[in-house]
Amino acid sequence: MEEAAGRQRKRQRDGDMAPSTEAAAAAAGPSAEAQYLYLPIADALKVPGVRICLFAAVSEIGAAVRSRGTDFTLTLRIVDQSRASGISVTFFADNTALLPCVRSSGHVISLHNIMIALHNGELFVTYNKKFSSFALFEGKVSTECRPYQHSAKYHGSKHDNEILTQMRTWLSFHPQDHEDIELQLRSIKSDSAFDLICKVLHVREASNGVWILYVWDGTDTPATEFQMILDTESDISPPLHLEEAPLPREVLCTMPCVGSVLRVFTNRFFKELLHLQKGTYWARFCNITCKQEFGMWKGIMLPICRVRLLSNEDGSVVERLKMFDSRIAVKVHRQPMASLPNASDITDVEYKSAGYSTLMESLTHGEVLHKIKTLVRVVAAYPCQARDLSLVLAGKHGVRLTLEDPTARIRAYIHRDDGAKFFGGFLTVEAATRKMNKLLGIPEPTDTDVGEQASASKRNPPWIWCCLKSYYLDEDDIWGSRRYRIYATEIRD
DNA sequence: TTGGGG
């Protein structure tokens, strides 16, 4: 930890380099022969107002935004051996191309002729575009010693290579990617804060100043549990999405068909939003929380949450992209993660060899009329009570199901002509009710349950295979009036 | 000049 600082102090004693920071500042002119004394951050903090040089790792990358003046501005957080908490550096430039463009956290930055300044009791690095300069180097895995970006006035020092190697060695033991607190969408939890590394696919301002971010990392959010009684007795179907209004079809069609898209809600404006609105960026959501609403996962950005932009080259991003590539390369791995290794065999579908599609693949399909084979959970059914199921078995009433997979929720109908077949023939009402309960994840009553309030517990519907075909009701609004009908699917005995 | 984590 103190080793590098010690080494530099030793050099000063040996007269190898400038003996004081003031002298170092004097030496740090634009001459190619200039010597640059790199101070550990902790030492730099002791000499505010003096021109100094730092060689540090970038731990956080802010968004480039317009300043309140005429420039663009960008803030980085940098760390080194001497100060793991790091220090904030703000850059200004009249053109965003002149700002440092750090490809990944964990990359290395050299800063010449900067100053430490105190503001509101906190120390910051002041970068002055008139006399400061910077250079950016790759991180721990690289042996390339040339900077991949440097400001016009940057002059490399003869010690740069040596210090860069030291910094990379330190970084290999102190990676700046915070992997220990990172979760993937597949492992999110309620009631605790964590970091998510996600691609922001879309940003939308809801009517009341609430922002919704649509984020994805290539994995599936965990299957949720549902209330036992309330929603199964209601003739009001559970909602299909958390937003007041669903996404327009043209936006939905830009989203991936495999992996969940989490809706993240915030009522706070943060400057990274400007970037996230412009294109699809990867970002780190620090201290995000999630909860379930109507059995759907909802991301919440409390005031403690921060957002950091990540590049496609960031280690955590590369890892997620690789995982997704290997996921979609294997057909069976496109299926809901929670359904693996085996989906239930509660249903039987006629088209054994037909390919599998996610619900999102169907929703974004170019043709309004098509057929798919899916692997879904039955969130709700109406009717589902015995008294009504007799009408279904008699072909006098259809059934409306709410189906979900990790990519979407839809409503699907069992037409009254198909009801008897869906339940596997002409059954007693009791047998049909048992089958319906199986679909909904309602356990068979057992001796231990007798007298217990079933309403107090939760149900966990199984994953079932299901064939769907789309149709529409209105010739003049084929997309708006599209419906789904279950066919060629039968609940087993 | 600008801006400086919640």
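Reminder, nothing fancy here: chain letters follow the sequence lines and each chain counts from 1.
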Counterpart residues, side chain to side chain contact (heavy atoms under 4.5 Å, CB included), relative to A:I300 (two or more places apart): A:T289, A:K291, A:K298, A:L302
Test of understanding: with side chain to side chain contact (heavy atoms under 4.5 Å, CB included), list the residues that count as partners of A:S357, not counting sequence neighbours. A:E361, A:I372
Pairs in or reaching into residues 308-338 of chain A: which pass ring-ring contact (aromatic ring centres under 6.0 Å, His included), with residues at least two apart or in two chains? A:W216-A:F324
Is the ring centre of A:F55 less than 6.0 Å from the ring centre of A:H159? no
Pairs satisfying side-chain hydrogen bond (donor to acceptor under 3.5 Å, both in side chains), at least one member in residues 135-144 of chain A, at least two apart: A:E144-A:R146
So what does A:R68 hit on the nucleic acid, given a heavy-atom distance under 4.0 Å: a base, only sugar-phosphate, or nothing? sugar-phosphate
Which comes earlier along DNA chain B counting from the 5' end, the contact point of A:S88 or that of A:D71, where each point is its nearest nucleotide? A:D71
Under the salt bridge (Lys or Arg N to Asp or Glu O under 4.0 Å) test, which residues partner A:R308, sequence neighbours left out? A:E60, A:E272
Going by number, which of residues 270-278 of chain A have a non-hydrogen atom under 4.0 Å from DNA chain B? none
Hey, can you pull the donor-acceptor pairs under 3.5 Å for the side chains in residues 260-270 of chain A, sequence neighbours left out?
unit_1 : atom_1 : unit_2 : atom_2 : d
A:S260 : OG     : A:T221 : N      : 2.9
A:S260 : OG     : A:T221 : OG1    : 3.2
A:S260 : OG     : A:P406 : O      : 2.8
A:R263 : NE     : A:E243 : OE2    : 2.9
A:R263 : NH1    : A:V261 : O      : 3.0
A:R263 : NH2    : A:E243 : OE2    : 3.4
A:T266 : OG1    : A:R268 : N      : 3.1
A:R268 : NH2    : A:C305 : O      : 2.5

Across the strands shown, which category fits A:V89 at heavy-atom distances under 4.0 angstrom: base, sugar-phosphate, nothing? nothing
Listing, residues 61-68 of chain A side-chain donor-acceptor contacts under 3.5 Å, not counting sequence neighbours, or none:
unit_1 : atom_1 : unit_2 : atom_2 : d
A:S67  : OG     : A:G69  : N      : 3.0
A:S67  : OG     : A:D71  : N      : 3.3
A:S67  : OG     : A:D71  : O      : 3.0

Nucleotide range of DNA chain B lying under 4.0 Å from chain A heavy atoms: B:dT1 to B:dG6
